[in-house]
Amino acid sequence: MWIADQWKDYEVIDTSKGEKLERWGDYLLVRPDPQVIWNTPCRQSGWKHPNGHYHRSSRGGGEWEFFDLPKQWNIRYRDLTFQLKPFSFKHTGLFPEQAVNWDWFSEKIRSARTTGKPVKVLNLFAYTGGATLAAAAAGAQVTHVDASKGMVGWAKENASVSGLSDAPIRWLVDDCMKFVEREIRRGNHYDGIIMDPPSYGRGPKGEIWKIEDSIHPFIQECAKLLSDEPLFFLVNSYTTGLAPAVLTYLIATELRDRGGHVESQEIGLPVKASGLILPCGASGRWEA
């Protein structure tokens, strides 16, 4: 398992009864987590006195209950700053476990930049820009694509508070598959590709994305965008049915002619109270 254990402003304090107690900077949140199927004693004081608690509804969805929580606040990871705000379906605008991937590809970008090589990175389903900012801070030119105008706006705000307003980032509101198809026709190429596809979603014009049906053809198309000397290809998944071995097979099948190495693992976050690791999905990595 790849573990995001370098955070100072974030931690999972405890987990029990389908929920996790987290510290986001100065604030404590209790949120549902489908992986937490154990029922252990909730001895941490934060369980009784959180700043926010997302209650899952038996009818689906849920709602927040707030106790002295600001509408927005910031946390940092290394040199990056992220604006957080609780919004629909328990999210805060950041997936902290992805920091383990940010560190991985940032090292590859920095290493390539020491030789003077320009590095172009494509970030698809780019959300609020965590991977975009990490790649830009490492010295890459980044194309950030997401179907949600609101998420792209949020990512721009994160770039601003991280001091990356002038970084070479293209911000695009677009359907990711259609964008990739156009880039293939244009003959554009990238040295690194990052994708964090949802299990299910809709594009700006109602295009349906269902990961089980769409992920393989999407990886096939994205592989055509790799440059002659690519650095990395990263696929993230929060879908239970896509085990790490499945990600390895999908990536290796399409990049076998590139050589290099493919490895996939669960990604996770350390839990302070137990010393164990909370699984948070899986990532598949190809590197030259």
Side-chain angles (χ1 to χ4, degrees), residues 1-78 80-103 127-131 133-134 151 154 158 161 196 198-199 236-240 265-283:
M1 182 182 284
W2 293 318
I3 303 168
D5 57 3
Q6 298 301 304
W7 280 96
K8 293 181 173 60
D9 279 3
Y10 172 85
E11 63 182 337
V12 180
I13 298 172
D14 199 7
T15 58
S16 184
K17 302 175 185 178
E19 296 182 313
K20 55 189 174 186
L21 171 64
E22 308 163 286
R23 178 180 64 84
W24 297 81
D26 295 329
Y27 303 100
L28 300 181
L29 300 182
V30 175
R31 299 191 298 156
D33 192 303
Q35 299 287 354
V36 181
I37 60 174
W38 46 89
N39 184 352
T40 51
C42 298
R43 297 192 176 98
Q44 301 293 317
S45 61
W47 286 111
K48 294 182 180 179
H49 304 287
N51 298 99
H53 190 165
Y54 187 89
H55 298 279
R56 179 83 76 188
S57 169
S58 59
R59 298 184 299 275
E63 62 181 3
W64 282 98
E65 181 181 16
F66 297 122
F67 312 93
D68 192 27
L69 183 72
K71 291 184 178 180
Q72 183 170 296
W73 72 102
N74 294 350
I75 66 170
R76 291 180 59 81
Y77 183 76
R78 301 193 188 278
L80 304 177
T81 299
F82 301 99
Q83 295 185 334
L84 306 178
K85 49 191 172 185
F87 70 110
S88 61
F89 198 63
K90 78 179 181 180
H91 293 169
T92 64
L94 190 66
F95 292 99
E97 62 274 10
Q98 286 299 324
V100 71
N101 285 321
W102 304 342
D103 290 345
Y127 196 50
T128 58
L133 302 189
M151 292 300 105
W154 194 338
N158 284 334
V161 296
D196 200 347
S199 298
N236 295 309
S237 171
Y238 291 92
T239 302
T240 305
Q265 296 277 353
E266 285 186 289
I267 55 175
L269 291 161
V271 181
K272 181 179 179 180
S274 65
L276 301 177
I277 304 299
L278 177 66
C280 304
S283 294

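Bear in mind that the values here come from a model prediction, so they are computed numbers and not experimental data.
- Here the side chain of Tyr27 pairs no donor or acceptor atom with the backbone of Leu69 at under 3.5 angstrom.
- At least one side-chain heavy atom of Ser283 sits less than 4.5 Å from a side-chain heavy atom of Trp2.
- How far CG of Leu21 is from NZ of Lys272: 10.0 Å, rounded to the nearest 0.5 Å.
- For the residue pair Gln98 and Asn236, a side-chain donor N or O sits within less than 3.5 Å of a side-chain acceptor on the partner.
- Taking CD of Gln72 as the reference point, atom CD of Gln83 lies at 4.0 Å (rounded to 0.5 Å).
- Atom CG of Asn39 sits about 5.0 Å away from atom NZ of Lys17, to the nearest 0.5 Å.
- Summarising the geometry of Gln35 relative to Pro279, their closest heavy-atom pair is CG-O, 3.6 Å, with the distance given to 0.1 Å.
- Closest approach of Tyr54 to Lys90, counting heavy atoms only: CE1-N, 3.3 Å.
- Using a 4.5 Å heavy-atom cutoff, the side chains of Ile3 and Pro270 are in contact.
- A distance-only check finds no donor-acceptor pair linking the side chain of Thr92 to the backbone of Leu84 [under 3.5 Å].
- In this structure, CZ in Arg23 is found 9.0 Å from CD1 in Ile75, a value given to the nearest 0.5 Å.
- At a threshold of 4.5 Å between non-hydrogen side-chain atoms, the residues Arg56 and Glu19 do not count as touching.
- Although no hydrogens or angles enter the test, the distance criterion places a donor-acceptor pair under 3.5 Å between the side chain of Asn158 and the main chain of Thr128.
- By the 30° and 60° cut-offs, the orientation of the rings of Tyr77 relative to Trp7 is tilted.
- To the nearest 0.5 Å, atom CZ of residue Arg78 and atom CG of residue Asp9 are 12.5 Å apart.
- Between the side chain of Asn51 and the backbone N or O of Asp68, at least one donor-acceptor pair lies under 3.5 Å.
- Ring geometry, Phe66 versus Trp64: the interplanar angle falls under 30°, so the pair is classed parallel (tilted spans 30 to 60°).
- Closest non-hydrogen pair, Pro96 versus Leu94, comes out as CD-O, 3.4 Å.
- Salt-bridge annotation for Asp14 and Arg43: absent, with no side-chain N of the basic residue lying under 4.0 Å from a carboxylate O of the acidic one.
- Here the OG1 atom belonging to Thr15 is positioned 11.0 Å from the CG atom belonging to Leu269, to the nearest 0.5 angstrom.
- With 3.5 Å as the limit, one finds no donor-acceptor pair spanning the side chains of Asp26 and Trp73.
- Annotation: cation-pi pair Lys85/Trp154 present, NZ/CZ under 6.0 Å from the ring centroid and within 45° of its normal.
- Side chain of Lys20 to main chain of Val12: no donor-acceptor pair is present (N/O by atom type, distance under 3.5 Å, no hydrogens or angles).
- Remark: Glu65 CD is packed, more than 12 non-hydrogen atoms of other residues, nucleotides or ligands lying under 6.0 Å away.
- The side chain to side chain contact (heavy atoms under 4.5 Å, CB included) test with Trp47 singles out one residue from Leu28, Ile13, Val30, and that residue is Val30.
- Checked by atom type and distance alone, the side chain of Ser57 never pairs as donor or acceptor with a backbone atom of Glu63 at under 3.5 Å.
- When the options Phe95, Trp24, Trp102, Tyr10 are evaluated for a ring pair (Phe, Tyr, Trp, His ring centres under 6.0 Å) with Phe82, the one that passes is Trp102.
- Under the 3.5 Å distance criterion, the side-chain polar atoms of Ser16 are matched with a main-chain donor or acceptor of Thr40.
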